Amino acid sequence: MGIILDKAPMIARPIPGGQVLLTTADYFIDLGRKYSVWPLTFGLACCAIEMMVAYAGRFDFDRLGVIPRPSPRQADLLLIAGTVTKKMAGPIQEIYHQMPEPRFVISMGSCANCGGPYFDSYSVVKGVDRIIPVDVYIPGCPPRPEALIYGVLELQKKITRMKLAKGGGATHQQEKGSRDLAGSNA
Amino acid sequence: MKTPATREAAAAALLERCSDARLAEPGVKNYLTVRLASPKDLLAAARLLKGELGFGYLEMITAVDWLGPMKLEGLVSSRNPNPFTDKLPGPPVPPAAGAGAPYRPVLDLLWSFGNLRDGVKVFLRLEVPRDHPEVPSLAGEFAAADWQEREVYDLLGVRFAGHPNLTKILTPDFINGHPLRKDYAHEKDSYDGD
């Protein structure tokens with residue numbers, strides 16, 4: 001499927017009406033992706049408690065199609081919920097590279113965003129964006145489940161702007177900076 | 001049935017068995033606290049506690065670095081942490097002589113033993129010099145001592161003689177030195193950036 005999606009723009013663009021076909025395909029693919037953002041079951045510190053609450057009955061992440069997966073091979077979203085220590089930085093990079101494209105990263109809480117209260121520490125990475133690219137940052141210490149849900153809604157907005165033509169089965173993640181979503185309506 | 005262990009019985013047995021040991025007053029949180037005189041007494045005291053007095057549970061091992069007072073230049077950021085005021089926090093006030101902690105170049109080790117049957121707790125304290133901190137390992141007596149001693153070694157650099165695998169347990173391999181020592185100087189690594 002990934003190969004078909006990667007080659008689709010190349011095949012569709014030259015034929016008459018191909019652009020319409022691509023735009024329609026983008027719409028349906030993004031719609032599917034948007035409502036099935038499957039995160040990896042992965043918690044690092046106290047933000048993971050808020051993440052668990054968001055999965056549970058009161059906030060019910062299921063209604064947004066957010067269902068935790070036990071393996072990075074099955075996951076679309078890496079939720080960095082907690083403090084990223086230097087010792088954990090290597091495993092996080094490994095998990096990230098085990099995930100199939102298109103993959104998304106949400107940085108949850110002050111520690112994952114910038115080091116937070118551990119900024120001067122000898123053992124904490126000052127922001128997870130120093131080791132992997134991040135799509136959405138959620139401030140808070142820790143953010144409430146509502147904030148996490150809002151973060152996922154923002155990620156869904158980003159997903160609707162992704163295009164097959166930008167490669168990687170959709171707009172792929174750049175080595176540095178955010179996704180190139182320029183020129184997208186929505 | 002053994003007679004229940006009491007605070008007084010444990011104190012008497014420890015003081016009798018270990019030469020030059022004395023009761024530390026006040027103890028840790030007012031529990032029975034015995035300060036040992038030399039590392040040689042430690043194994044005997046631990047065996048006595050475990051074998052005869054029924055303190056089978058090693059709750060924790062930790063240590064304090066009493067070096068001081070530290071120069072804080074370069075360690076504390078000089079930026080104003082509060083954007084809503086122009087007033088910078090003043091320079092740190094050095095403690096008055098004689099007040100507070102008596103600074104000395106030692107590592108003060110602390111062991112906590114529990115007797116779960118009788119609900120008694122005993123603390124052992126032992127001072128070792130900072131430049132040559134070596135104490136016998138309790139890993140042979142208490143399995144719990146294995147990781148606890150590795151943690152104290154990792155963060156404070158105390159060498160536990162006879163430990164089966166005395167390696168870093170918490171900090172990553174590329175961190176040099178022992179971070180909880182007062183004179184620890186952090187070397188920048190690849191995760192620190194600018």
Side-chain angles (χ1 to χ4, degrees), chain A residues 42-48 78-98 105-135 137 139-142 173-178, chain B residues 62-65 67-68 70-84 88-92 107 130 146-148 150-158 165-194:
Chain A
F42 184 62
L44 287 169
C46 31
C47 283
L78 182 57
L79 245 169
I80 305 291
T83 318
V84 182
T85 55
K86 286 172 186 170
K87 199 159 186 173
M88 200 59 196
I92 286 175
Q93 278 167 312
E94 201 177 318
I95 289 168
Y96 175 74
H97 288 297
Q98 281 173 352
V105 179
I106 287 184
S107 161
M108 182 184 178
S110 293
C111 300
N113 290 345
C114 65
Y118 307 108
F119 187 81
D120 284 329
S121 167
Y122 55 86
S123 61
V124 173
V125 180
K126 286 137 194 71
V128 73
D129 51 0
R130 293 190 179 214
I131 53 173
I132 52 175
V134 174
D135 282 292
Y137 298 86
C141 186
Q173 207 142 23
Q174 301 181 81
E175 203 57 46
K176 285 229 160 178
S178 189
Chain B
T62 187
V64 184
D65 185 359
L67 187 76
M70 286 299 297
K71 283 191 193 124
L72 293 175
E73 289 101 40
L75 293 174
V76 176
S77 170
S78 59
R79 276 172 310 172
N80 185 357
N82 185 353
F84 301 107
L88 272 169
L107 293 172
R130 284 181 96 256
D146 188 334
W147 284 16
Q148 294 271 326
R150 280 177 67 190
E151 183 185 340
V152 174
Y153 163 73
D154 189 1
L155 297 177
L156 285 140
V158 180
N165 176 30
L166 196 61
T167 48
K168 280 168 170 275
I169 189 170
L170 289 175
T171 60
D173 292 337
F174 52 79
I175 282 193
N176 295 319
H178 307 289
L180 288 194
R181 284 207 174 199
K182 293 282 171 62
D183 55 356
Y184 170 74
H186 184 63
E187 295 165 19
K188 286 216 160 149
D189 53 56
S190 56
Y191 295 114
D192 282 331
D194 31 66

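Everything quoted here is computed from the prediction, not taken from an experiment. Order of the sequence lines fixes the chain letters, A, B, ..., with proteins taken first and strands second; residue numbering starts at 1 for each chain.
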So, for A:Lys86 and B:Pro172, which heavy atoms are closest and what is the spacing to 0.1 Å?
CB-CG, 3.9 Å
What part of B:Asp189 gets within 4.5 angstrom of chain A, counting heavy atoms only: side chain, backbone, both, or neither?
side chain
Go through the structure and list residues passing salt bridge (charged side-chain N to carboxylate O under 4.0 Å, His left out) with A:Asp135, not counting sequence neighbours.
A:Lys158, A:Arg179
With sequence neighbours excluded, tell me which residues meet salt bridge (charged side-chain N to carboxylate O under 4.0 Å, His left out) with A:Lys126.
B:Asp192
Angle class for the B:His186/A:Tyr122 ring planes (parallel below 30°, perpendicular above 60°, tilted otherwise)?
tilted
Of all of A:Gly115, A:Ala89, A:Ser123, which one pairs up most often with chain B through heavy atoms under 4.5 Å apart?
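Answer, by heavy-atom pair count under 4.5 Å with chain B: A:Ala89.
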More than 12 non-hydrogen atoms from neighbouring residues, nucleotides or ligands closer than 6.0 Å to OH on B:Tyr191, yes or no?
yes
